[in-house]
Amino acid sequence: MYAKVTQLILIFLISPFLFGVINRIKAFFAGRKGIPLLQTYYDIFKLLRKGAVYSKTTTWIFIAGPIISLSALVCACAFIPFAGHRAFFSFEGDIVLFIYLLGLARFFTVLAALDTGSSFEGMGASREVQFAVFAEPALFLSLAALVRITGTMSLSDIFANTTINTLTTLDPAILLVIGALFIIFLTENSRIPVDDPNTHLELTMIHEVMVLDHGGIDFAYILYGVAVKFWILGTLLMSIIFRTNSGIVFFDYAVFIFGMIVLAVAVGIVESIMARLRLFKVPNLLIVALALSVLALTLTMRI
Amino acid sequence: MNSWVDLNIIAIVLMNFMMLSSSRIRICIRVVAIQGILIGLMPLLAGVHSTTYASLVSLSISIALKGIVFPYLLLRALQKADIRKEVEPIGGYPLSLLMGVILFLVSCWLSSRLIYAKPLFSNLVVPVSFATFFTGALIIVSRTKAITQVLGYLMMENGIYLFGSALLGGQSLLVELAILLDIFVAVFVMGIAIFHISREFDHIDTQNLTELKDWVPSKQE
């Protein structure tokens with residue numbers, strides 16, 4: 001029990017740190033010094049101390065949006081395994097609940113954006129939903145492929161069974177799932193080939209434009225929610241690729257956290273060397289993820 | 001099950017998807033060439049009938065043709081006709097990629113319905129060869145430039161070759177060589193034809209060929 005609580009606390013404490021790592025890598029590539037590693041924490045604390053301004057056109061949905069999104073994401077955290085150890089909650093079929101919690105978080109972010117009544121935010125909401133149409137089936141299908149491989153419907157069991165051993169036998173289905181999950185990971189966290197988290201150029205923003213009208217505490221919730229979501233989806237990826245199963249619990253934790261930092265470095269490198277795709281090319285990328293996951297699923301069905 | 005064979009098959013399917021989503025003809029030509037090489041190498045990877053002298057000759061001929069001669073001919077045609085990019089296919093890239101996924105599922109269904117001898121390697125070979133065949137057909141139908149249609153034709157041949165090498169083994173040698181000869185002539189002729197079309201009409205968009213009709217004198221101004 002203590003171990004499980006420790007897992008959750010570690011997730012909640014560490015997740016904003018990864019953004020600092022990404023920023024450092026990008027700064028390194030650009031030859032800058034970069035913002036402090038803990039900047040995301042400073043931002044969140046600064047925002048928590050501030051009050052929020054609400055427009056007259058908004059209703060309670062606007063205030064509820066960030067709170068519900070964050071709580072859905074925090075709940076989703078309780079279902080993801082940490083370093084190959086069982087998650088806080090797990091039951092047969094929690095995979096569906098997990099995906100729908102992510103969906104709920106997205107739904108309320110979009111709803112809050114629409115509630116502002118600004119056409120600008122409506123544009124971002126429409127883009128977010130348009131890309132989700134492709135990204136969510138891809139996530140579902142790649143998890144379904146993992147379900148077929150491991151024969152269990154609980155996230156904890158799936159990631160307890162897909163070990164590095166399956167990778168060394170070069171199971172093609174797993175490789176395809178990793179490819180699909182990486183694309184989904186970048187999309188859902190609005191990272192560079194799809195969306196640029198730094199830019200505030202109106203024509204191309206997706207996530208940032210949706211949360212533009214939130215301020216103060218609400219924005220702190222959103223910022224923290226984004227960090228937690230980054231951790232959640234990163235865990236799906238890193239639990240397959242990178243973890244150890246030595247007997248010592250805290251050694252495993254340390255290795256896994258190191259793995260997540262490696263993932264953040266990888267994202268930073270991708271962001272530094274790639275340009276973002278033109279907006280109408282994004283569905284193409286997402287359909288590639290869909291194709292990979294369909295392929296993985298068919299492979300597991302036939303063998 | 002041999003996992004290298006499986007990886008190879010997956011690579012072949014991914015080439016199909018890449019072919020459907022890429023807009024650069026140069027990349028498309030290379031993709032088809034690499035796919036041809038991978039399919040040629042398949043029996044060697046699987047370790048079937050690699051011992052017979054005749055099948056080795058057939059393998060090396062097909063790899064040499066598909067991996068070196070065809071891309072060379074097509075790239076030369078490309079250079080002479082001075083084309084770089086494919087125009088947007090009918091329905092757009094996302095749709096054609098989605099069609100590719102659907103065709104893959106259809107070929108999985110189809111191969112589960114058909115009755116055939118057990119393939120010499122990996123059960124996946126049959127659905128993948130169907131998928132490659134259908135993808136080639138899809139490219140012929142949905143692309144508008146003559147050179148990409150030739151690539152679709154080559155891709156269909158890749159599918160047929162994969163099917164033959166998986167189900168018939170070395171016996172298909174003569175048939176394969178005959179088909180290869182046909183394809184060789186086809187690509188050769190199309191290379192020249194594309195050059196002439198482009199010199200005559202300034203483009204190789206076959207969409208405009210549908211409008212060919214008897215010459216009607218234009219209205220007097």
Side-chain angles (χ1 to χ4, degrees), chain A residues 127 130-142 144-145 148-149 162 164-184 187 193-194 277-303, chain B residues 1-24 27 31 38 45 85-86 88-89 91-113 118-119 121-128 130-132 135 138:
Chain A
R127 284 174 185 167
Q130 187 204 345
F131 295 153
V133 165
F134 299 109
E136 259 175 23
L139 181 61
F140 243 116
L141 288 173
S142 41
R148 289 287 306 190
I149 292 170
T162 36
I164 308 162
N165 297 334
T166 30
L167 255 189
T168 48
T169 57
L170 280 174
D171 188 345
I174 296 255
L175 291 180
L176 290 172
V177 167
I178 289 174
L181 279 179
F182 191 65
I183 296 178
I184 297 164
T187 311
V194 178
L277 291 173
R278 279 178 289 167
L279 206 61
F280 61 91
K281 291 244 169 154
V282 171
N284 224 341
L285 179 75
L286 292 176
I287 292 177
V288 169
L290 195 66
L292 292 179
S293 50
V294 167
L295 204 52
L297 189 61
T298 18
L299 279 183
T300 56
M301 300 286 258
R302 293 186 58 84
I303 297 165
Chain B
M1 188 165 291
N2 189 337
S3 65
W4 284 108
V5 171
D6 276 353
L7 274 185
N8 201 359
I9 291 176
I10 300 299
I12 290 168
V13 184
L14 291 183
M15 299 263 157
N16 286 348
F17 292 149
M18 213 169 144
M19 182 74 193
L20 282 172
S21 65
S22 171
S23 63
R24 314 215 169 228
I27 291 177
V31 165
L38 287 182
L45 277 179
K85 262 182 102 171
E86 170 67 91
E88 187 91 346
Y93 288 105
L95 186 69
S96 78
L97 196 53
L98 209 59
M99 287 283 285
V101 176
I102 293 170
L103 285 177
F104 177 71
L105 292 178
V106 166
S107 39
C108 281
W109 173 80
L110 192 64
S111 65
S112 70
R113 294 291 302 262
K118 194 174 166 10
F121 37 86
S122 181
N123 285 324
L124 274 168
V125 156
V126 176
V128 168
F130 281 148
T132 312
T135 309
L138 176 66

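Here is how names work: the chains are called A, B, and so on, in the same order as the sequence lines, proteins then strands, and each is numbered from 1. The structure displayed is predicted, hence computed values, not measured ones.
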- prompt: Does any non-hydrogen side-chain atom of B:L97 lie less than 4.5 Å from one of A:L290?
  reply: no
- request: Check B:S21 against A:N284 and note the closest heavy-atom contact, atom names and distance.
  value: CB-OD1, 4.0 Å
query: Taking atom OG of B:S112 and atom CE of A:M301, what is their separation to the nearest 0.5 Å?
result: 11.0 Å
Closest heavy-atom pair and its distance - B:V101, A:A291: CG2-CB, 3.5 Å
query: Contact part of B:I9 toward chain A, heavy-atom cut-off under 4.5 Å: side chain, backbone, both or neither?
result: neither
message: Among residues at least two apart in sequence or on other chains, which ones pass ring-ring contact (aromatic ring centres under 6.0 Å, His included) with B:F17?
response: none
task: Would you indicate whether the side-chain heavy atoms of B:L14 and A:L292 approach each other to under 4.5 Å?
output: yes
field: Nearest-0.5 Å distance, CG of residue A:L175 to CG of residue B:D6
entry: 11.0 Å
task: For A:L285, enumerate each residue passing the side chain to side chain contact (heavy atoms under 4.5 Å, CB included) test, keeping only those at least two apart in sequence or located in another chain.
output: A:I183, A:P193, A:V194, A:L277
message: I want to check something: taking the side chain as every heavy atom from C-beta on, are B:I10 and A:L299 in contact at a cut-off of under 4.5 Å?
response: yes
- prompt: With a 4.5 angstrom heavy-atom cut-off, which part of A:L286 approaches chain B: side chain, backbone, both or neither?
  reply: neither
